[in-house]
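Below is one structure, written out as structure tokens; comments come after it.
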Amino acid sequence: MTDQAFRPRVALVTSNFWPERTGIGQVATEFAQYLASRGIDVQVATAMPYYPEWEIYPEYRGTSARTERLGDITIHRAWHHARPAPGALSRIAHEATLSVSSIPNMRRAMRGADVAYVVSPDLSHAFAASLVAKAMDVPRVLMVQDVMPDAAVELGMLRNPFLIGAARRVARATYAMAGEILTLSEGMRQRIAREVNGGVRISILPNAVDLEELWTGSGQGIPFRDRFVPNGTFAVVHAGNMGEKQDLELLLRTARRLRERPDIHFYVFGDGAMKSSFLKRRAEWGLENVSHFPFQERAMLPHMLYGADALLISQSSRVVDIVVPSKLTTALGAGAMVVASCAESSETANIVVESRGGVTVPAGDDEALSRVILQLKRGDLDSHRFREAGRAYAREHFDRSRAYEAQAASIHERWRNGRSHRA
């Protein structure tokens, strides 16, 4: 008798997964790990890791497919096109090659599965996975992390009317094949609902965090400041993906405004499609008060977030209800002093205001951001109060054991019902 007879099985299809350290890859990995911790056999069909550098990691090059393990999780990987600083055509080539090359792995992951969780974006990859699951008669749950193609269109990454129309048709077809859709916020839920012709339940499942991992105790923040921040320096930190949505030129403009303040320094940790242009502009402006570092080890994350005097979450003014940054929930869980530069009507602003876990400034407004940094530096704003409120909000809304437990329970129920029918 196989192991499947004794526990449920789930297929997770996602273009991003461990060892990627930011964005959807981190979210998908933590979701899979939680399900595995609840006794569920998790089979993942995914890409060779490439994000946020948009380049396949060196140890994964030169092969078309690979199967490996992360703890109790089985991971099936497929080759795909990836090119640093990708344009629209390169992104389309990435999705097309991944969608085709992943089909055998999708079938492998879905064989015997009680349910398939399909992550979008990438949109065409999610569409292919939904088709495979439908053909294999596997129930489908679509997890929408970014509303596509809306996000690409509104950020100016997709402009061709024909491609936009085709992408919208693919999105509607993918929604129609789902038995249930999970997304991150009410605004995203409403966007998707406008494209769904009824009959599909759309629920909110926020990106959750491990609060125990993000809180190390009374010494939190000290290792970060010992390693990176000279005594007496006010540290403004941005950590994570360096892409279009993050509007990192805002940080550079703010640093230029405050360049005569040697006691204020800007730290950027991460990588992404816009890293080269960010570093080029920093050099052109001669900003010695801005430092860039690669991603740090995971154990440093809570210290970095809490140790920052201001943790910057910046978004393009065009980002409203198409995404909720996973770094925001992580920052609140770590007790960071969040300063969010975002559209007033954005989901990010809604969470920051509702949680009382930080302050917001208008998207792209370097003058307003400079003013808030100086207020924090002078002690005019009570950062301790913001930190405590943000962590309390994260405990209530984003704790992983609360957010993901309903999914684990549903999977076990499907499995029990399936066993009773087979009996």
Would you say the side-chain atoms of [X] pair up with the backbone N or O of [Y], donor to acceptor, closer than 3.5 Å?
X      : Y      : answer
Ser346 : Ala343 : yes
Thr233 : Val229 : no
Asp72  : Ala36  : no
Arg201 : Glu180 : no
His397 : Ala392 : no
Ser355 : Gly357 : yes

Could you please spell out the steps behind the side chain to side chain donor-acceptor pair (under 3.5 Å) verdict for Asp210 and Tyr34? CA-CA 10 Å; Asp210 184 343; Tyr34 183 82; over 6 Å; no
Under a 4.5 Å cut-off applied to non-hydrogen side-chain atoms, are [X] and [Y] in contact?
X      : Y      : answer
Phe266 : Val268 : no
Lys327 : Ile313 : yes
Gln26  : Arg298 : yes
Ser120 : Asp146 : no
His412 : Ile40  : yes
Val359 : Val352 : no
Val10  : Asp114 : no
His303 : Ile222 : no

If I take atom [atom1] from residue [X] and atom [atom2] from residue [Y], how far apart are they, to the nearest 0.5 angstrom?
X      : Y      : atom1 : atom2 : result
Phe127 : Arg172 : CZ    : CZ    : 12.5 Å
Arg257 : Leu374 : CZ    : CG    : 10.5 Å
Glu284 : Ser277 : CD    : OG    : 10.0 Å
Glu20  : Phe295 : CD    : CZ    : 9.5 Å
Leu12  : Phe17  : CG    : CZ    : 6.0 Å
Arg395 : Leu211 : CZ    : CG    : 6.5 Å

One thing to verify: whether [Y] and [X] come together as a salt bridge, which I'm taking to mean a side-chain N less than 4.0 angstrom from a carboxylate O.
X      : Y      : result
Asp122 : Arg91  : no
Asp309 : Arg225 : yes
Arg261 : Glu288 : no

Is the number of heavy atoms from other residues, nucleotides or ligands under 6.0 Å of [X] [atom1] greater than 12?
X      : atom1 : answer
Glu344 : CD    : no
Leu89  : CG    : no
Lys134 : NZ    : no
Arg66  : CZ    : yes

Do you know which two heavy atoms are closest between [X] and [Y], and how far apart they sit?
X      : Y      : value
Arg21  : Gln296 : NH1-O, 4.5 Å
Tyr50  : Ser15  : CE2-O, 3.6 Å
Arg282 : Val290 : NH1-O, 3.1 Å
Pro52  : Asp271 : CG-O, 3.3 Å
Ala113 : Ala109 : CB-O, 4.2 Å

For the residue pair [Y] / [X], report whether a side-chain donor-acceptor contact shorter than 3.5 Å exists.
X      : Y      : value
Arg77  : Thr67  : no
Ser401 : Asp399 : yes
Glu95  : Ser99  : no
Ser291 : His265 : yes

Centres of the [X] and [Y] rings: under 6.0 Å?
X      : Y      : answer
His94  : His81  : no
Tyr306 : Trp215 : yes
His238 : Tyr267 : no

My understanding is that only one of Leu328, Leu250, Thr348 makes a side-chain contact (heavy atoms from CB on, under 4.5 Å) with Gln315; could you say which?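 That would be Thr348.
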Note to self: Using the rule given for side chain to side chain contact (heavy atoms under 4.5 Å, CB included), can you reason through Thr46 versus His76, listing the C-alpha separation, both sets of side-chain angles and the distance that settles it, and then say yes or no?
What the structure shows: CA-CA 6 Å; Thr46 190; His76 308 288; over 6 Å; no
- Message: Whether Arg259 engages the ring of Trp285 as a cation-pi pair (distance to the six-membered ring centre under 6.0 angstrom, angle to the ring normal within 45°) should be assessed.
- Response: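 No; the conditions do not both hold, so Arg259 does not lie above the ring face of Trp285.
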Check: Can you name the one residue among Glu405, Glu212, Glu30 that meets salt bridge (charged side-chain N to carboxylate O under 4.0 Å, His left out) with Arg400?
Finding: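 With Arg400 as partner, salt bridge (charged side-chain N to carboxylate O under 4.0 Å, His left out) holds for just one option, Glu30.
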- request: Go through Tyr60 and Glu68 one step at a time and tell me if the side chain to side chain donor-acceptor pair (under 3.5 Å) criterion holds.
  value: CA-CA 11 Å; Tyr60 289 87; Glu68 58 187 335; 3.0 Å; yes
Take Glu186 and Arg189 through the salt bridge (Lys or Arg N to Asp or Glu O under 4.0 Å) test and state the conclusion after the steps. CA-CA 5 Å; Glu186 178 59 26; Arg189 192 196 70 77; 3.0 Å; yes
Walk me through whether Asn207 and Gln145 qualify under side chain to side chain donor-acceptor pair (under 3.5 Å). CA-CA 9 Å; Asn207 288 334; Gln145 292 281 311; 3.1 Å; yes
| said: For Tyr117 and Leu182: C-alpha separation, side-chain torsions, deciding distance, then whether side chain to side chain contact (heavy atoms under 4.5 Å, CB included) applies. | reply: CA-CA 10 Å; Tyr117 284 86; Leu182 303 174; 4.2 Å; yes
For this session: Start with the C-alpha gap between Glu388 and Arg356, add the side-chain angles, then the distance that decides, and say whether salt bridge (Lys or Arg N to Asp or Glu O under 4.0 Å) holds.
Result: CA-CA 9 Å; Glu388 289 295 308; Arg356 295 177 295 173; over 6 Å; no
Run the side chain to side chain contact (heavy atoms under 4.5 Å, CB included) check on Phe269 and Phe228 step by step: do they pass?
CA-CA 11 Å; Phe269 295 85; Phe228 294 101; 3.8 Å; yes
### Task
Check the pair Asn105 / Arg108 against side chain to side chain donor-acceptor pair (under 3.5 Å), numbers first and verdict last.
CA-CA 5 Å; Asn105 285 342; Arg108 189 174 294 117; 2.4 Å; yes
| request: Determine, stepwise, if the pair Ile411 / Trp415 fulfils side chain to side chain contact (heavy atoms under 4.5 Å, CB included). | output: CA-CA 6 Å; Ile411 293 164; Trp415 174 68; 5.6 Å; no
